[in-house]
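Below you'll find the structure, written out as structure tokens, and then a few comments.
Both ligands and their constituent atoms are indexed starting at 1 by order of listing.
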Amino acid sequence: MIGALEHLARPLLAALDPEGAHRLTIAALKFAPLPRAGKDHPRLAVSAFGLNFPNPVGMAAGFDKHAEVPDALLRLGFGFVEVGTITPQPQPGNPRPRVFRLDADAAVINRLGFNSQGADRALRRVARRARRGGIVGINIGANKDSSDRIGDYVRLIERFAPIASYITINVSSPNTPGLRNLQQASALGDLLARVIEARAHTTRDATPPPLLLKIAPDLSLDELDDIVDVARALRIDGMIVGNTTIGRPPSLRESARGKEAGGLSGRPLFSLSTRMLAESYVRVENAFPLIGVGGIESGEAALAKIRAGATLLQLYSALVFRGLGLVAEIKGALVDAVARERRDGLSDLVGVDAAAVTAEPWPQ
Ligand SMILES: Cc1cc2nc3c(=O)[nH]c(=O)nc-3n(C[C@H](O)[C@H](O)[C@H](O)COP(=O)(O)O)c2cc1C
């Protein structure tokens, strides 16, 4: 039924500007009666950071920035949903237009700049659904005009730690000037020490939510060395690799739209983000699990991410081009892959190709 609805809606959504199409999709998820996806095959189950995921396919941050529809997304078959990025205070983000579809490349460029309804509204929504179960992670970021960005993360941890399944520290959006400097070793060390302390004093005896770090795919390998060192030393629970790229691969077909400023996602991000995932995997040495994100648009791409080192997956851009049916397609392909390779579960495939991927020529 969701397939038929999507089929009808696709030409309408494609004719709208991408942000308008996105608002309509959120409204439909809020108000339309949705079918419930079938129960997941047991082979898809994944345990990571102390959480049990029914399947490894997550909705990436940025789709449900204000935590309006996490339950609808879980119902449609995602194994987990990451809402946000949420900033402490509401802020409008950059002027429109700020999202561009590159149809010929199956890609998106966005420079939204953390448009956020702010922590209060998101917190009320997440708290209201907290007892329903299902894994809902909270992705947090600093306000653009904040005079104390680390303080922003601390405040958000204090507010969300009691109700989040996990919390993602987003220091990798390219659209808030200077934000990515928080990935530099000394700043990152300060930030992570303070958020870990905030988590400890907020949750006290209760089980604290895992803390994940979301990094950019545009880091040098020296920078990645430092980040993994800091993350391991401070015992972060996991890393998400990664965010959108400020790079523009020469293969982009939509050369005019490709010049728009912002972060590029979707198909052209696949090779770089998968390379950075494998580079992370070999450095992390199983100290914590990784979530692989960037250009997943098929079962084959999802499997390649797992083989490169991802315990869990997230996607966003391909849903714009392929629709929500892609989630079931990926899950089916993963069940088949586990059977074909005669493994017990997906975890047996995590990272099996990581070393080989790091030996390939650097992706263009
Ligand atoms: C329109 C748009 C908005 C996004 N907003 C956020 C965000 O607020 N926070 C964040 O961490 N990532 C954000 N992302 C990045 C995605 O979570 C993901 O890391 C990236 O798009 C790569 O995955 P994909 O190729 O499957 O889209 C956004 C991506 C898109 C396309």
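Short contacts between ligand 1 and Ser317, defined as distances under 4.0 Å to a heavy atom of the residue, involve ligand atoms 24 (P), 25 (O), 26 (O), 27 (O), 31 (C). Close approach to Leu315 involves these atoms of ligand 1, each under 4.0 Å from a residue heavy atom: 26 (O). Residue Thr244 has at least one heavy-atom neighbour below 4.0 Å for each of these atoms of ligand 1: 15 (C), 20 (C), 21 (O). Under a 4.0 Å criterion applied to the non-hydrogen atoms of Leu112, ligand 1 contributes the atoms 1 (C), 3 (C). If you number the atoms of ligand 1 from 1 as listed, the ones under 4.0 Å from a heavy atom of Leu269 come out as 22 (C). Near Asn243, the atoms of ligand 1 lying under 4.0 angstrom from a non-hydrogen atom of the residue are 10 (C), 11 (O), 12 (N), 15 (C), 19 (O). Shown in contact with Gly242 at under 4.0 Å from a heavy atom are these atoms of ligand 1, numbered in order with element: 19 (O). If you number the atoms of ligand 1 from 1 as listed, the ones under 4.0 Å from a heavy atom of Gly295 come out as 24 (P), 25 (O), 26 (O).
Connection of Ile109 to Leu315 is not established within any shared hydrophobic cluster, with ILVMFWY side chains joined at heavy-atom distances below 4.5 Å, either directly or through further cluster members.
Checking side-chain atoms of Asp64 against main-chain N and O of Ala67 turns up a donor-acceptor pair under 3.5 Å. A donor-acceptor pair is defined here as one N or O able to donate and one able to accept, closer than 3.5 Å; no such pair exists between the side chain of Asp226 and the backbone of Ala185. Side chain of Arg155 to backbone of Pro88: no donor-acceptor contact under 3.5 angstrom is found. Without hydrogens or angle criteria, Asn115 side chain to Gln91 main chain gives no donor-acceptor distance under 3.5 Å. Remark: the backbone N or O of Arg253 is paired with a side-chain donor or acceptor of Asp105 at under 3.5 angstrom. Not one N or O on the side chain of Asp353 forms a donor-acceptor pair closer than 3.5 Å with the backbone of Arg307.
Checked by distance only, ligand 1 and Val99 stay at 3.5 Å or farther apart across all their nitrogen or oxygen atoms. Here's the thing with Ala61: one of its N/O atoms is less than 3.5 angstrom from an N/O atom of ligand 1.
Close to ligand 1: Gly266, with a non-hydrogen atom less than 4.0 angstrom away. Contact analysis puts Gly294 in contact with ligand 1, with a non-hydrogen atom separation below 4.0 angstrom.
Environment of CD in Glu360: crowded, with over 12 heavy atoms of neighbouring residues, nucleotides or ligands closer than 6.0 Å.
Ion pairing between a basic and an acidic side chain is recognised when a charged N comes within 4.0 Å of a carboxylate O; Asp103 and Arg257 show no such pairing.
Of all the heavy atoms of Ile240, none lies under 4.0 Å from any atom of ligand 1, so neither backbone nor side chain is involved. At a heavy-atom distance under 4.0 Å, only side-chain atoms of Lys214, from C-beta outward, approach ligand 1. Contact annotation: for Lys65 versus ligand 1, heavy atoms closer than 4.0 Å belong to the side chain alone. If you look at Thr85 next to ligand 1, the close heavy atoms, those under 4.0 Å, come from the backbone and the side chain alike.
In terms of protein heavy-atom proximity, atom 5 (N) of ligand 1 is closest to Gly62 CA, 3.1 Å. For atom 31 (C) of ligand 1, the closest heavy atom belonging to the protein is Ser265 OG, 3.4 Å. Ranking the protein heavy atoms by distance from atom 26 (O) of ligand 1 puts Tyr316 N, 3.0 Å first.
No donor-acceptor contact under 3.5 angstrom links the side chains of Asn94 and Asn175, judged on distance only.
A heavy-atom distance below 4.5 Å is not found between the side chains of Phe114 and Lys144.
Nearest-residue assignment for atom 2 (C) of ligand 1 (options Ile86, Ile109, Asn110, Val293; heavy-atom criterion): Asn110.
One finds the CD atom of Gln184 at 12.0 Å from the CG atom of Asp190 (value rounded to the nearest 0.5 Å).
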